[in-house]
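Lettering of chains follows the sequences in order, A, B, ..., and the numbering in each one begins at 1.
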Amino acid sequence: MAIEENEFINNRLEKLSAIKEMGLDAYPPQTPDRLPIETLRAAGETENIMATSGRVMAKRKHGKTVFCDITDPTGRIQLFINKKNLSEESWDLLGNLDLGDIIWVSGNQFVTRTGELSVRVSLLLLLAKAVRPMPVVKTDADGEVHDAVSDPDFVYRHRCIDLMLNEESKNRFIARSKIISAMRNYLDTDDFLEVETPVLQQIYGGAAADPFVSFYNSMDEDCYLRIATELYLKRLVTGGMHRVYEIGKDFRNEGVDRTHSPEFTQLELYEAWTDYNGMMKRFEDIVQVAAKAANVGPVVKFGEFDIDLTPPFQRIPFVPTLHEKSGEDLFDWDTEKLTALAAKLGLGDEIKDRPTLLDKLFDHYVTPSLIQPSFVVDYPVELSPLAKQKTDDPRITERFEAFIAGLELANSFSEQNDPVYQRQVLETQALLSKIRKGVVDQEFLYALEVGMPPTGGLGIGVDRLVMVLTDARSIRDTILFPHLRQGQ
RNA sequence: GGGCCGCUAGCUCAGUUGGCAGAGCAUCUGACUUUUAAUCAGAGGGUCGGGGGUUCGAUACCCCCGCGGCUCACCA
């Protein structure tokens with residue numbers, strides 16, 4: 001397929017030809033020595049000849065003088081290009097330069113009449129010709145940005161343009177990278193081992209979500225993209241990897257919205273000899289190091305909210321809080337009564353089971369108020385098949401979910417390690433499965449039968465954490481290449 | 001999957017109660033040797049998301065489809 005044709009691209013392709021006719025390589029294989037733009041800025045006015053390179057972001061022609069702004073990841077600097085300082089070849093080349101081109105320049109630096117530090121260019125080279133025009137965004141004297149590229153569809157499909165032009169977006173992805181790096185560093189420093197478990201699985205589990213299904217030709221069998229790493233990581237705890245974690249993609253074949261992506265990044269960690277209380281501390285720690293890495297906190301702005309990330313986070317016990325907010329002892333109600341209430345509240349008229357109803361009602365009565373960092377603790381047992389029951393009340397479990405800004409950021413249990421109990425729960429649950437009815441992960445149960453030490457487990461939605469720390473309104477703004485329909 | 005909103009030049013957006021398609025930036029030509037949202041003079045640039053219908057005439061009204069956004073549902 002040839003390059004799309006339009007006036008702008010054709011015009012640039014003609015310039016490209018002209019450059020080639022000058023005997024120049026528009027895409028030379030080497031970059032001559034260069035310094036980052038910030039180094040030139042720091043050097044200030046100087047007679048020394050320095051060289052840098054970057055993308056042409058602005059061009060202001062004044063007859064025999066041309067001002068260009070070029071950028072690299074470290075900053076922006078103005079070029080003062082005057083015909084008398086240049087070879088004829090460089091001057092001719094300048095005539096064929098466009099916004100978006102990548103160039104190399106050298107010269108000394110001086111301050112113009114208007115006070116702008118500028119490179120007095122004496123040598124100009126082309127490093128890469130841009131044949132497609134990029135959107136032009138201008139910032140005025142008041143710092144007001146004009147014509148910003150804001151169409152979400154455009155931005156998601158052409159992330160290279162978004163990163164190039166939208167400071168907020170670029171900074172968000174830099175923050176994301178630093179956040180993940182900081183989480184790794186925190187865990188590695190505390191003797192956690194990072195591992196990789198299968199993405200392509202024959203038996204998926206560890207969460208209640210529909211998987212993406214694929215087919216393994218040479219094995220002649222269906223396989224699944226993982227929905228969680230949980231069941232593999234716990235086998236490693238049994239094996240003696242007592243502090244273990246994985247950061248990776250999970251895939252859930254479910255609806256997409258502001259806080260759900262079919263492909264999302266989760267940190268799961270497991271730690272022996274502790275329980276969900278230990279995991280609360282881990283979560284608080286991780287939020288601290290992540291905020292520091294993102295250069296925010298202790299108070300972060302998220303939309304209309306100011307969120308104070310200072311630990312400890314408040315504990316919200318599931319059942320008592322549900323009772324308090326609803327004014328009824330809902331936990332003691334039967335399914336019929338709960339269904340009637342849910343219907344009355346407009347929470348859907350489909351017949352639901354008791355645990356789902358309780359969860360829905362909790363979402364209705366309590367979740368909206370969980371703006372400041374909160375641990376919802378002690379979930380009903382039916383909602384938590386992989387968690388241990390509390391010793392004093394088997395109807396509830398040692399489980400928490402962490403909420404910030406109303407977003408569910410983490411899920412954690414004191415991991416169930418009773419193999420008999422676990423088998424019974426998983427087998428019951430597997431009978432309800434839509435896709436692989438009755439299939440349970442025998443190897444996971446085998447590991448529990450061998451004996452897993454008491455363990456705390458924690459899963460953190462990394463994309464959502466990035467949302468909170470970078471004030472992103474959609475999870476898609478935290479994912480470089482979010483899934484979009486292809487169209488025609 | 002449902003509801004609502006949107007799709008107009010490379011980008012950001014106007015617009016037409018149905019009558020020759022608009023602006024700014026960008027591009028091209030010319031002027032300009034310290035500008036910075038450079039300026040000035042001129043020019044080019046459109047399948048008005050796609051298809052069908054109604055109409056003398058549709059970018060606009062109706063239907064179908066595509067893509068996106070918001071929202072509801074689903075997602076322990």
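A sub-4.0 Å separation between OP1 or OP2 of B:U35 and a side-chain N or O of A:R113 is present. Taking side-chain N and O atoms only, A:K15 has a distance below 4.0 Å to OP1 or OP2 of B:C28. Checking the phosphate oxygens (OP1, OP2) of B:A26, a side-chain nitrogen or oxygen of A:K138 falls inside 4.0 Å. OP1 or OP2 of B:C74 has at least one side-chain nitrogen or oxygen of A:K360 nearer than 4.0 Å. Between A:N11 and B:U27, a side-chain N or O to OP1/OP2 separation shorter than 4.0 Å is absent. The side chain of A:S150 contributes no N or O atom lying less than 4.0 Å from OP1 or OP2 of B:G69.
The side-chain tip of A:R120 points at the ring of A:F110 from less than 6.0 angstrom away and within 45° of straight on. Under a cutoff of 6.0 Å and an axis angle of 45°, A:R354 and A:F331 form a cation-pi pair. At least one cation-pi condition fails for A:R315 and A:F375: the charged atom is not both under 6.0 angstrom from the six-membered ring centre and inside a 45 degree cone around its axis.
Nucleic acid contact for A:D210: none, since no nucleic acid atom lies under 4.0 Å from a heavy atom of the residue. Among the heavy atoms of the strands lying under 4.0 Å from A:L484 are primed sugar atoms or P, OP1, OP2 only; no base atom is included. Across all strands, A:A207 comes closer than 4.0 Å to base atoms (heavy-atom distances). Among the atoms of the strands shown, none is found under 4.0 Å from any heavy atom of A:R12. Counting non-hydrogen atoms under 4.0 angstrom, A:T139 reaches the backbone sugars and phosphates but no base. Residue A:K83 is out of contact with every strand shown, counting any heavy-atom pair closer than 4.0 Å. Using a 4.0 Å heavy-atom distance criterion, A:Y379 is classed as making no nucleic acid contact. Within 4.0 Å of A:P385, counting heavy atoms only, lies at least one base atom of the nucleic acid. A:G206 comes within 4.0 angstrom of a nucleotide base, judged by non-hydrogen atoms across all strands.
Between the side chain of A:R60 and the base of B:U35 there is at least one donor-acceptor pair of N/O atoms closer than 3.5 Å. In this model, a side-chain donor or acceptor of A:H260 finds a partner on the base of B:C75 within 3.5 Å. No N or O donor and acceptor, one from the side chain of A:T114 and one from the base of B:U34, sit under 3.5 Å apart. Remark: the A:E116 side chain and the B:U35 base include no donor-acceptor N/O pair separated by less than 3.5 Å. A:D153 contributes no side-chain N or O that forms a donor-acceptor pair with the base of B:G69 under 3.5 Å.
Counting to the nearest Å, the P atom of B:C28 and the NZ atom of A:K59 are 7 Å from each other. Per the geometry, NZ belonging to A:K64 stands 9 Å off C1' belonging to B:C32, to the nearest Å. Between the CG atom of A:L386 and the C1' atom of B:A76 there is a distance of 10 Å, rounded to whole Å. Remark: P of B:U33 and CH2 of A:W91 are 10 Å apart, rounded to the nearest angstrom. Distance, A:F362 CZ to B:C75 P: 17 Å, rounded to whole Å. The separation between A:R258 atom CZ and B:G68 atom P is 19 Å, rounded to whole Å. To the nearest angstrom, P of B:U12 lies 10 Å from CG of A:N166. Rounding to whole angstrom units, CE of residue A:M134 and C1' of B:U12 are separated by 15 Å.
The closest side-chain donor-acceptor pair between A:T229 and A:E246, if any, does not fall under 3.5 angstrom. Inspection of the A:Q78 and A:S118 side chains reveals an N or O donor paired with an N or O acceptor under 3.5 Å.
Using the six-membered ring where Trp is involved, A:F283 and A:F313 have ring planes that are perpendicular, over 60° apart on the 30 and 60° scheme.
Counting heavy atoms from C-beta on, the side chains of A:F251 and A:P262 never come closer than 4.5 Å.
In this structure, B:C40 forms a base pair with B:G30, meeting either the Watson-Crick or the G-U wobble geometry with both donor-acceptor distances under 3.5 Å. Under the Watson-Crick or G-U wobble criterion, with both distances below 3.5 Å, B:G24 is paired with B:C11. With a cut-off of 3.5 Å on both pairing distances, the Watson-Crick or G-U wobble partner of B:C70 is B:G3.
When each of A:S474 and A:V136 is assigned the nucleotide of RNA chain B with its nearest heavy atom, A:V136 is the one assigned upstream, toward the 5' end. Projected onto RNA chain B by closest heavy-atom contact, A:E382 and A:R473 fall at different nucleotides, the more 5' of which corresponds to A:R473.
Distance from the side chain of A:L99 is smallest to B:A26 among B:A26, B:C75, B:C67. In this structure, of B:U35, B:C74, B:U27, it is B:U27 that holds the atom nearest to the side chain of A:E7. Listed candidates were B:U34, B:U33, B:U35. Nearest to the side chain of A:Q78 is B:U35. For A:E254, the listed nucleotide lying nearest its side chain is B:C74; candidates were B:U33, B:C74, B:A76. Checked against B:U34, B:A37, B:A76, the side chain of A:H146 finds its nearest nucleotide in B:A37. Of all nucleotides listed (B:U33, B:C25, B:G68), B:U33 comes nearest to the side chain of A:T65. Across B:U33, B:G10, B:G69, the shortest atom-to-atom separation from the side chain of A:P133 is found for B:G10. For A:F8, whose side chain is taken as the heavy atoms from C-beta onward, the closest listed nucleotide among B:C67, B:U27, B:A38 is B:U27.
A donor-acceptor pair under 3.5 Å is absent between the side-chain atoms of A:Q266 and the main chain of A:I227, judged by distance alone.
Annotation: B:C48 and B:A23 have their C1' atoms spaced 15 Å apart (nearest Å). Taking atom P in both B:U59 and B:C7, one finds a spacing of 15 Å when rounded to whole Å. Atom C1' of B:G45 sits at a distance of 8 Å from the matching atom of B:U27, rounded to the whole Å. The gap from the P atom of B:C67 to that of B:C20 amounts to 33 Å, rounded to the nearest Å.
Taking the centre of each ring, A:F362 and A:F318 come in below the 6.0 Å mark.
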